[in-house]
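Some notes on the structure that comes next.
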Amino acid sequence: MTSPRPTTSPSPFEYAPAPESRGVVDLAPSYGLFIDGEFTESSDATRGGGTGGGLRKTVNPATEEVLAEYTQAGDEDVDRAVRAARKAFSTWSALPGAERAKYLFRIARIIQERSRELAVLETLDNGKPIRETRDTDLPLVAAHFFYYAGWADKLAHAGHGPDPRPLGVAGQVIPWNFPLLMLAWKIAPALATGNTVVLKPAETTPLSALFFADICRQAGLPRGVVNIVTGDGATGAALVAHPGVDKVAFTGSTGVGKAIARQVAGTDKKVTLELGGKGANIVFDDAPVDQAVEGIVNGIFFNQGQVCCAGSRLLVQESVHDEVLDALKRRLATLRVGDPLDKNTDLGAINSAEQLARITALAETGEAEGAERWSPDCALPSAGYWFAPTLFTNVTQAHTVARDEIFGPVLSVLTFRTPDEAVAKANNTPYGLSAGIWTEKGSRILAVAGKLRAGVVWANTFNKFDPTSPFGGYKESGYGREGGRHGLEAYLDV
């Protein structure tokens, strides 16, 4: 005897809350600067004047709760940090590569041991979901230190000459979207090649860099090899301009990158810039739709779209446009937006009120210019900085949302008919950082990838990173490469 069929559809599967405890993070009320192996107050604070010494607040973007205060470094603080790095350089660069590697291996192991603490800290300070910090950011951070530790005693075999030498003091400025990962991208190759470092984290996400300073002490890293100066753009500008800095590494906006390029022009400083992007994700008519949709979602909604290489332009072949769009909308309706510390959350908070205002303004411009806006039904928390996952259709290449880097969970959908048209539209941008290709034909992947002006081209995937693979862009996305053997060259006098 068979059971009667239910007359009503089953209720959707509900996820019970699965919050990660924030108790694993012990935050101090305020933090100083990390210079010459010690946490110290600002010189301006002790003198009672100058441009630095004040305290700034860093907040949890999901709740607007103040997490801690940190120090605004002034010009004299930057000078102290650079002098400490210069003093340490002679000893650090003279160490055999195998000895430097021991410190890098030790740092990597401590990062693994403290990964839960660091993942929760990054989620609190940045707003991204704990699943991303725990499963993506922290494993990659440790992997970069492990990888470059392996290169420290093999630099003569890296293809950059038989006797490559370190440059000296590296001034490094990193963004807020991947605070600890960008730190690893910068510091690991610099130390492996024998350089010393002065690093400035982003003003909205300084905490993981300050915790990394403690890891350096825990690993027994010699004094002055790594120095951390916190503050706003003025601190970064002072670091870039300092005459004692031999190498500048910057990841951030194209506007600031251009200013840095102008500032160091005519000097002997070596520079690498990793800037903005407007990546194209190209879906051909033979692509597996479900797999492509997952790649599209990962490409633009990972870290709330606050990714320089985000696939923010979706190019779909006309014959499968409706099928792909319907599947994509169904998938977006399942995304969970909310508490970043909940392990079920897919989209967390926007990093700051300033960034939320920029995303909102650009989305409103898209509507005003005639593009059709769509978002799934989702309740946004009342406190914090939130933006629902958003699609724009009926978009042309002239629309602002198809040209400007929004740096948020906003996807612009365009169509194409032929591979040549797809390439032309993908390349029709001042940026050139990333692209994705979705097709079952390997020959098509190779043919199209060879014509795309993008530093990274993914095939049937998106946003996949590995420390052995170089990353960087063309045109207004910057120059130089980070990661892999190529990432060593930026820190060597070759």
Side-chain angles (χ1 to χ4, degrees), residues 276-302 305 307-329 331-332 366 371-372 374 389-399 401-407 409-465 469 471-477:
K278 193 70 177 174
N281 221 348
I282 305 170
V283 179
F284 286 95
D285 56 6
D286 63 338
V289 172
D290 290 340
Q291 181 183 346
V293 165
E294 290 303 310
I296 294 163
V297 169
N298 185 49
I300 183 57
F301 299 116
F302 181 78
V307 184
C308 53
C309 57
S312 53
R313 289 182 298 150
L314 175 61
L315 304 181
V316 186
Q317 199 152 16
E318 277 189 3
S319 58
V320 293
H321 171 268
D322 292 348
E323 180 185 2
V324 170
L325 200 60
D326 288 346
L328 181 58
K329 287 182 176 181
R331 180 66 178 91
L332 293 191
E372 184 176 336
W374 181 89
T390 299
L391 297 178
F392 276 101
T393 54
N394 296 325
V395 176
T396 71
Q397 296 179 86
H399 279 99
V401 292
R403 302 198 63 80
D404 288 8
E405 184 182 35
I406 299 174
F407 221 64
V410 180
L411 178 65
S412 298
V413 183
L414 300 92
T415 61
F416 67 91
R417 293 182 179 179
T418 66
D420 287 343
E421 184 184 357
V423 170
K425 287 186 173 181
N427 288 340
N428 184 25
T429 173
Y431 300 106
L433 193 56
S434 67
I437 302 171
W438 298 86
T439 174
E440 67 177 15
K441 294 183 176 66
S443 58
R444 177 178 285 167
I445 291 171
L446 295 174
V448 172
K451 298 174 184 177
L452 293 173
R453 297 297 290 170
V456 177
V457 180
W458 285 289
N460 293 326
T461 189
F462 210 93
N463 272 345
K464 298 297 181 184
F465 293 94
S469 179
F471 181 86
Y474 292 96
K475 300 187 286 186
E476 292 193 9
S477 290

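Because the structure is a prediction, the values reported are computed rather than measured. Keep in mind that the numbers below use all heavy atoms, side chains included, and drop hydrogens, waters and symmetry copies.
Of all the heavy atoms in E405 and Y431, the pair that sits closest is CB-OH, 4.0 Å. Smallest separation of non-hydrogen atoms from V395 and A371: CG2-CB, 4.0 Å. The minimum heavy-atom distance linking K425 with T415 is given by the pair NZ-O, 2.6 Å. Nearest heavy-atom pair across K464 and T461 is CG-OG1, 3.1 Å. Of all non-hydrogen atoms in C309 and S434, the two that sit nearest each other are O-OG, 2.8 Å. What you find for N394 and H399 is that their closest heavy atoms are O-CE1, 3.6 Å.
Although no hydrogens or angles enter the test, the distance criterion places no donor-acceptor pair under 3.5 Å between the side chain of R453 and the main chain of K475. Side chain of R331 to backbone of E294: no donor-acceptor contact under 3.5 angstrom is found. The backbone N or O of N298 lies less than 3.5 Å from a partner atom in the side chain of N463, making a donor-acceptor pair.
Within the 4.5 Å cutoff, side-chain heavy atoms of N460 are placed close to those of I445. Two residues are said to be in side-chain contact when any heavy atoms from C-beta on lie closer than 4.5 Å; L315 and E421 fail this criterion. At a threshold of 4.5 Å between non-hydrogen side-chain atoms, the residues L328 and L391 count as touching. A heavy-atom distance below 4.5 Å is found between the side chains of L452 and N427. Residues Q317 and F416 meet the side-chain proximity criterion, which asks for heavy atoms closer than 4.5 Å. Contact annotation: the side chain of L433 approaches that of F471 to within less than 4.5 Å [non-hydrogen atoms, C-beta and beyond]. With contacts defined as side-chain heavy-atom distances shorter than 4.5 Å, the pair H321/V413 qualifies.
Qualifying ring-ring contact (aromatic ring centres under 6.0 Å, His included) partners for F462, counting only residues two or more places apart in sequence or in other chains: W458.
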Report all side-chain donor-acceptor pairs from residues 276-283 shorter than 3.5 Å, counting only partners two or more places apart or in another chain.
| unit_1 | atom_1 | unit_2 | atom_2 | d |
| --- | --- | --- | --- | --- |
| K278 | NZ | V401 | O | 2.9 |
| K278 | NZ | D404 | O | 2.7 |
| N281 | OD1 | W438 | NE1 | 2.8 |

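Distance check: D285 CG to E440 CD gives 9.5 Å after rounding to the nearest 0.5 Å. T393 OG1 to L414 CG: the interatomic distance, rounded to the nearest 0.5 Å, is 10.0 Å.
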For this session: Please assess I300 against L314 for the test side-chain contact (heavy atoms from CB on, under 4.5 Å), listing each intermediate value before the final yes or no.
Result: CA-CA 9 Å; I300 183 57; L314 175 61; over 6 Å; no
